[in-house]
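Below is one structure, written out as structure tokens; the observations come after it.
Just follow the structure's listing: the first ligand is 1, and inside any ligand the first atom is 1.
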Amino acid sequence: MKFTTRFAPSPTGPLHLGHAYSALLAYDLAVRNSGTFLLRIEDIDQSRSRQHWEDQIYDDLTWLGLTWPRPVLRQFDRMPLYRQALNRLWSQGLLYPCTCNRKDIAAAASAPQEGFPLHGPDGVIYPGTCREKWTHQVQSAIPEDVALRLNMSEALRRIAKDATGLRFHETGAGPDGATGWIDLSDEQMLHGVGDVVLARRGMGTSYHLSVVLDDAAQNISHVVRGQDLFDATGIHVVLQRLLGGETPTYHHHPLIRDDTGKRLAKRDDARAIAKYRAEGATPEDVRAMVGL
Ligand code: GLU
Ligand code: ZN
């Protein structure tokens with residue numbers, strides 16, 4: 001498979017040094033491997049996405065010296081495809097509606113199973129309240145305007161596992177330094193991840209579902225992204241097996257932190273690329289600041 005990677009920002013704020021690092025690293029890897037660097041706009045959260053942030057992304061990345069093929073894939077244009085995948089999982093009995101709010105979940109999850117964490121990649125691990133209530137009827141139409149969760153235990157049962165089981169290849173490292181082949185046990189997926197939301201209420205999809213379908217549609221061979229998403233990769237591998245996509249190679253990179261050691265967030269306008277540009281920094285200065 002030809003080396004293809006992507007940078008996939010959400011247009012919900014200014015790009016900062018952490019984004020610059022991720023985009024430049026992916027771009028450099030593509031160049032070094034005579035591959036392709038793609039840009040994807042992850043705008044499924046329409047309540048927070050803004051056209052001017054999208055325009056600023058194009059402007060900042062161009063200024064950094066990056067180029068990419070056009071047209072750019074925008075996730076919101078692909079809502080019908082996400083819906084199709086949800087319908088497929090629904091008709092296989094792998095999803096169920098969840099009406100819990102954050103408080104319900106926190107209350108029910110306050111006594112986690114011994115030896116397992118309270119928090120997974122998506123926050124508090126879902127205690128399964130609605131799964132136990134739900135009796136699936138194959139004929140029933142997929143409910144609208146409600147969150148849909150993946151029944152992880154059922155999903156694991158359906159996935160045909162070869163001798164190697166569920167795994168992905170990591171060429172960077174997880175937060176704990178894990179690298180090479182990362183094996184995902186059923187235990188870990190059940191108790192350390194659980195029944196994740198695949199369609200958010202009022203959104204009709206989720207980061208996990210969209211990212212997996214789009215990486216497959218764009219033939220991404222190498223996913224380069226921050227270590228904060230390392231733990232979510234197991235969810236993506238499960239979805240690739242359920243929906244029939246290949247598992248790409250993953251390269252998780254350390255996060256750029258501020259002087260106090262805190263990772264940069266969207267609201268850290270102080271580290272915005274646009275701010276450094278306005279102050280007269282060059283793209284080479286930005287590369288140096290992130291250690292490239
Ligand atoms: N859109 C995600 C973000 O802004 C990136 C997702 C990914 O690279 O898988 O953090
Ligand atoms: Zn629920």
Side-chain angles (χ1 to χ4, degrees), residues 4-16 18-23 25-27 29 37-45 48-49 53-54 57 61 72-76 95-109 121-134 143 146-152 168 172 194-201 203 205-218 220 222-237 239-240 245 247-253 255-256 263-268:
T4 307
T5 189
R6 83 309 192 268
F7 176 57
S10 297
T12 56
L15 296 186
H16 54 55
H19 295 106
Y21 178 54
S22 205
L25 186 64
Y27 188 82
L29 281 170
F37 168 85
L38 300 175
L39 177 62
R40 178 165 80 222
I41 299 295
E42 302 215 323
D43 57 351
I44 54 173
D45 187 350
R48 292 167 61 226
S49 296
W53 292 130
E54 187 180 323
I57 289 170
L61 295 181
V72 161
L73 187 148
R74 296 159 88 219
Q75 290 193 319
F76 194 62
L95 302 179
Y96 62 89
C98 172
T99 52
C100 300
N101 60 32
R102 253 173 230 275
K103 249 165 88 190
D104 298 333
I105 296 172
D122 274 353
V124 175
I125 296 164
Y126 186 62
T129 324
C130 291
R131 179 188 62 234
E132 281 149 32
K133 285 192 300 210
W134 177 246
V146 66
L148 298 174
R149 287 186 182 273
L150 178 68
N151 183 331
M152 185 62 80
F168 65 92
D195 292 356
V196 287
V197 171
L198 291 192
R200 300 201 168 272
R201 182 169 169 266
M203 195 188 279
T205 184
S206 61
Y207 159 64
H208 301 304
L209 182 74
S210 296
V211 87
V212 163
L213 291 169
D214 293 350
D215 283 341
Q218 297 192 290
I220 300 300
H222 288 71
V223 171
V224 179
R225 62 184 181 192
Q227 271 171 353
D228 53 328
L229 290 166
F230 181 83
D231 288 338
T233 308
I235 303 167
H236 303 168
V237 173
L239 290 176
Q240 284 148 6
T247 295
T249 297
Y250 287 87
H251 187 100
H252 291 93
H253 61 71
L255 302 176
I256 302 285
R263 59 179 270 226
L264 302 184
K266 279 268 162 59
R267 57 194 170 281
D268 283 326

Could you tell me which atoms of ligand 1, counted from 1 in the order shown, lie closer than 4.0 angstrom to a heavy atom of [X]?
X: Val211; answer: 9 (O)
X: Glu42; answer: 1 (N), 2 (C), 5 (C), 6 (C)
X: Ser10; answer: 1 (N), 4 (O)
X: Tyr207; answer: 6 (C), 7 (C), 9 (O)

contact_flag Arg6 ligand 1 heavy-atom lt 4.0 Å: yes

Contact with ligand 1 for Phe7, non-hydrogen, under 4.0 angstrom: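 The answer is no, since Phe7 has no heavy atom less than 4.0 Å from ligand 1.
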
Check ion pair Glu42-Arg74 (N to O, under 4.0 angstrom):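 Salt bridge flag = no for Arg74 with Glu42.
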
Residues Arg6 and Asp214 bridged, charged N to O under 4.0 Å: no

Which atom of Val224 lies closest to which atom of Ala26, heavy atoms considered: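 The answer is CB-CB, 3.9 Å.
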
Ring centers of Tyr207, His236 separated by less than 6.0 Å: yes

Aromatic contact, Tyr21 with His19 (centres under 6.0 Å):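 Ring centroids of Tyr21 and His19 are no less than 6.0 Å from each other.
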
Protein-derived N, O or S atoms lying under 2.8 Å from the Zn ion (ligand 2), waters excluded: 4

With Arg131 via side-chain contact (heavy atoms from CB on, under 4.5 Å) - residues at least two apart: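 Listed in chain order: Tyr96, Asn151, Asp195.
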
Pairing residues for Phe7 by the ring-ring contact (aromatic ring centres under 6.0 Å, His included) criterion, not counting sequence neighbours: none

Pair listing, salt bridge (Lys or Arg N to Asp or Glu O under 4.0 Å) test, anchored in residues 223-235, at least two apart: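 Residue pairs with at least one partner in residues 223-235: Asp228-Arg263.
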
Verdict with reasoning, Ile220 to Leu38, per side chain to side chain contact (heavy atoms under 4.5 Å, CB included): CA-CA 9 Å; Ile220 300 300; Leu38 300 175; 3.9 Å; yes

